[in-house]
Every structure is written in C-alpha cells, then in structure tokens.
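Comments concern the structure below.
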Amino acid sequence: MPKTKRSKRYKTTQTNVKKPYEKSVKVNASSAGNSNSGAKKKSAANLKWFLKVYKGLDDWHIPIFQATQQYTKAKHVLYPGCDKHLTASLCFPLVVYVDVNKKLKPVFNDDSVLEWVKENKMYSEETKIKFLCQNFDSGFEKLASFDLMISACAGIVSKPCSKYIKPGGYFLVSDAHFDARTTFLRPDFELVAVYDNETSQFLTNKAEFAGHFHTLEGKPLNSKQVEESLQKPKARRSFKLQKEAMFYLFRKVKEA
Ligand SMILES: C[S@@+](CC[C@H](N)C(=O)[O-])C[C@H]1O[C@@H](n2cnc3c(N)ncnc32)[C@H](O)[C@@H]1O
C-alpha cells in the first residue's frame, strides 16, 4: 500500500499526544554507542525501525484503535498480516500478531520495543504480546477465542481467519485490499460501524452510514462486483460506490 500517501490523507488531528518515544530512541541510541554492547545496538535498531515505519505515537492508526477499543471493549486481539505494527498493543492488552516475515521476529522479542509499548500503553492491565511467525492461511490459534481481529492491507484475511473471532466478537477491517467489502457479503458478519476520519470516531447509527457498500444505483454490492474490485482498477470497474471509508467494524453474528 502507498503508506506515506495514506498517512498524510488519514493524518490524525490530535494535537495532545505526547511523544516520549523521541526520548526513548535517544536514550537507547546512546547506549547503543557503547562499544561493548552489540546487543543494545541491535535492540536500538529494532526500536528505530519500528518507529521509523509506524511513526511512534504519530501512527495514524492509533485513533482508529482507540475508537475501536472504546466501542468493542476488546482485550484479546488477533492481528494477522501485522508487519511490525505493534501500536495495536498501545490500546489492547493482549495481542497475538501473525506474520510470515521472519525478519520481524527480533522486533517482537525486543525488550526496548516492549518497554516503549509499556511506557505508552493506554490501559491499566499488563501488556502481553505474542508473535507467530507463520502463514495466516494455516491453522494457528484456538478457534473462536478472540474479542477482536484486525485486518489492514494484508490481503483477504477474513476468509482464513474469521473462525478465530468469538461469537459476538468484532472485526476491524480496512478496505484497502477489499477485505471489508468481502466481509460485507458474509451472512455471519454484520456491519456495525464505519470509521469517520473527520471526527476520529465511528459512525454507529445505520442511517448515518447508509450508502457504504452500496452502488450509486442504491443496490448492495454483490459478489461479482467484489471480484471485479480485486481484478480491475477503480476507473475501469462497471460500478461506483456511494461512500467509501478506510476502516469498518463488523460484528460476528453467527458461525459460518
Ligand atoms: C502491507 S503489510 C501491512 C502491514 C500492516 N497490517 C499495516 O497495515 O501497516 C502486509 C503484511 O502482511 C504479511 N502477510 C501477507 N500475507 C500473509 C500471509 N498469508 N500470512 C502471514 N502474513 C502475511 C506480509 O508479510 C506483510 O508484513
């Protein structure tokens, strides 16, 4: 995904967010300069890598995760296709991250990264982070055990992984890779909220979010159109949607 473009477009308007991470980087980087400390050097590099890519407390996802936490009260969260996006752990105490990329392992096992999360977390519980380095298409966790699953720019996560969400649990899903519109077709999920970037809140009233996943003709999106979305760029598709948002919140209303 064009991350820098999107970061600007969805830039948070919050101005009161503290930025202790800048200090943390300096502290760790100076420790890293110590010639007898190779391990510290690596540790600082992991923290820097994460902060560089996800911008620490300026990560534009944080208001979305906060609004999701407020609405769902989720504690136990699954994040397949996470990359090193562990800012989710600022808002949720127990997150299981899944990614096939082996290079991410050191980031999730790094004490300085975990310390950064603990310093900046927004809940009182202890932080628990688990990283599973594997393909999310293969089985990995207890079925129906998560309060919430996150899908962001990692393909169609919903198909292999929605079985891990407990009944009544939630699914925060972006439409960047059309996973949200794929979920919209499913009878086991109900759309309950649409993230409004202007207010950094979810629209939870059905009348307010009417028009999402509906064509200009007022018809709900169908499976052919979702397939077409995956195959053709927007300009070449045979339909247009009334409204589009970056993130949607679905609730699992029954087992598939
Ligand atoms: C574009 S990144 C998005 C990262 C993060 N979710 C975000 O929104 O910034 C996609 C990530 O999904 C991972 N991924 C893609 N397919 C996967 C699969 N089948 N199993 C596990 N990880 C996968 C990639 O390794 C990559 O780290």
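Residue indices begin at 1 and follow the sequence shown. Computation of the quantities below employed the complete heavy-atom set of this structure, encompassing side-chain atoms and omitting hydrogens, waters and symmetry-equivalent molecules.
Between the side chain of Asp175 and the main chain of Ala180, a donor-acceptor pair closer than 3.5 Å is present. With hydrogens and angles disregarded, a donor-acceptor distance shorter than 3.5 Å links the side chain of Lys121 to the backbone of Glu125. Judged by distance alone, with hydrogens and angles left aside, the side-chain atoms of Lys243 form no donor-acceptor pair with the main-chain N or O of Phe209 at under 3.5 Å. Here the side chain of His76 pairs a donor or acceptor atom with the backbone of Ser145 at under 3.5 angstrom. In this structure, the side chain of Lys118 does not engage the main chain of Thr127 through any donor-acceptor pair within 3.5 Å.
Each of Met246, His212, Glu244 was scored for a side chain to side chain contact (heavy atoms under 4.5 Å, CB included) with Val194, with one residue passing: His212. Looking at Leu230, Val173, Thr183, Val226 one by one, the single match for side chain to side chain contact (heavy atoms under 4.5 Å, CB included) with Ile156 turns out to be Leu230. Among Phe202, Tyr248, Trp60, Phe65, the one residue that satisfies the ring pair (Phe, Tyr, Trp, His ring centres under 6.0 Å) test with Tyr195 is Phe202.
Between the side chains of Asp59 and His61, at least one donor N or O sits under 3.5 Å from an acceptor N or O. Checking Ser158 against Arg186 by side-chain atom types alone, no donor-acceptor pair falls below 3.5 Å. With no hydrogens or angles considered, no side-chain donor-acceptor pair links Gln225 and Thr215 at under 3.5 Å. Side-chain polar atoms of Ser89 and Tyr97 form a donor-acceptor pair below 3.5 angstrom.
Lys206 and Glu190 are joined by a salt bridge, as a carboxylate oxygen and a charged side-chain nitrogen come within less than 4.0 angstrom of each other.
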Could you walk me through whether Val113 and Lys84 satisfy the side-chain contact (heavy atoms from CB on, under 4.5 Å) test, starting with their C-alpha distance in whole Å, then the side-chain angles of each, then the deciding distance to 0.1 Å, before giving a yes or no? CA-CA 10 Å; Val113 175; Lys84 54 199 141 313; over 6 Å; no

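Counting all heavy atoms, side chain and backbone alike, Ala44 lies closest to Ser112 at N-OG, 4.4 Å. In terms of heavy atoms, Lys166 sits closest to Ala144 at CB-O, 3.3 Å.
Within a 6.0 Å radius of CD in Glu255, more than 12 heavy atoms belonging to other residues, nucleotides or ligands are found.
Residues passing the ring-ring contact (aromatic ring centres under 6.0 Å, His included) test with Tyr164, sequence neighbours excluded: Phe140. Remark: Phe184 pairs with Phe213 by the ring-ring contact (aromatic ring centres under 6.0 Å, His included) rule, at least two apart or across chains.
If you chain together hydrophobic residues whose side chains sit under 4.5 Å apart, Tyr71 and Met149 never meet in one group. With hydrophobic clusters built from ILVMFWY side chains whose heavy atoms lie under 4.5 angstrom apart, Phe178 does not share a cluster with Phe247.
Ring geometry for Phe171 against Phe250 counts as tilted: the plane angle lies between 30° and 60°, on a 0 to 90° scale.
Applying the side chain to side chain donor-acceptor pair (under 3.5 Å) rule to pairs touching residues 130-139 yields Lys130-Glu141, sequence neighbours excluded.
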